[in-house]
Amino acid sequence: TTVNCAATAFAAGGPTLANLTVTSGAGLAHPGANLNACAATTAIAANTATTGAWTYALGGTPGTWTAGAYSSVITYTATSL
């Protein structure tokens, strides 16, 4: 079984998905170091309950972004092979 994620891009003029980094804590590793690398997969043993702690951080150069509100939707999917 694998886990991957997909994220919608932020609006033009704002941060990129690579600016949103993810640090994995104990348990299941996040599939990718940032949301631009979100398609990487993390293996999970079949029929195994698991947990994970992930911390998101917004980086980049905010002074270059156009003023406004920016959002992204992140979808996580577990797939059995």
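With S72 contributing its side chain and T8 its backbone, the two residues share a donor-acceptor pair below 3.5 Å.
Separating the CG atom in N4 from the OG1 atom in T75 is a distance of 10.0 Å, to the nearest 0.5 Å.
Residue pairs satisfying the side chain to side chain donor-acceptor pair (under 3.5 Å) criterion with at least one member in residues 46-55, sequence neighbours excluded, are absent. Within the structure, disulfide (SG to SG under 2.5 Å) contacts touching residues 4-54 (residues at least two apart or in different chains) are C5-C38.
Closest heavy-atom contact between T79 and T77: OG1-CG2, 3.9 Å.
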What donor-acceptor contacts under 3.5 angstrom involve side-chain atoms of residues 12-32, with partners at least two apart or in another chain?
residue	atom	partner	partner atom	Å
T16	OG1	A18	N	3.4
T16	OG1	N19	N	3.4
T16	OG1	N19	OD1	3.2
N19	OD1	T16	N	2.8
T21	OG1	A57	O	3.4
S24	OG	H30	N	2.7
H30	ND1	G32	O	2.9
H30	NE2	Y76	OH	2.8

Identify each donor-acceptor pair in which a side-chain atom of residues 59-67 lies under 3.5 Å from a protein atom, sequence neighbours left out, and give them as a table.
residue	atom	partner	partner atom	Å
T64	OG1	T61	O	2.7

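When the side chains of ILVMFWY residues are joined at heavy-atom separations under 4.5 Å, either directly or via intervening members, L58 and L35 end up in a single hydrophobic cluster.
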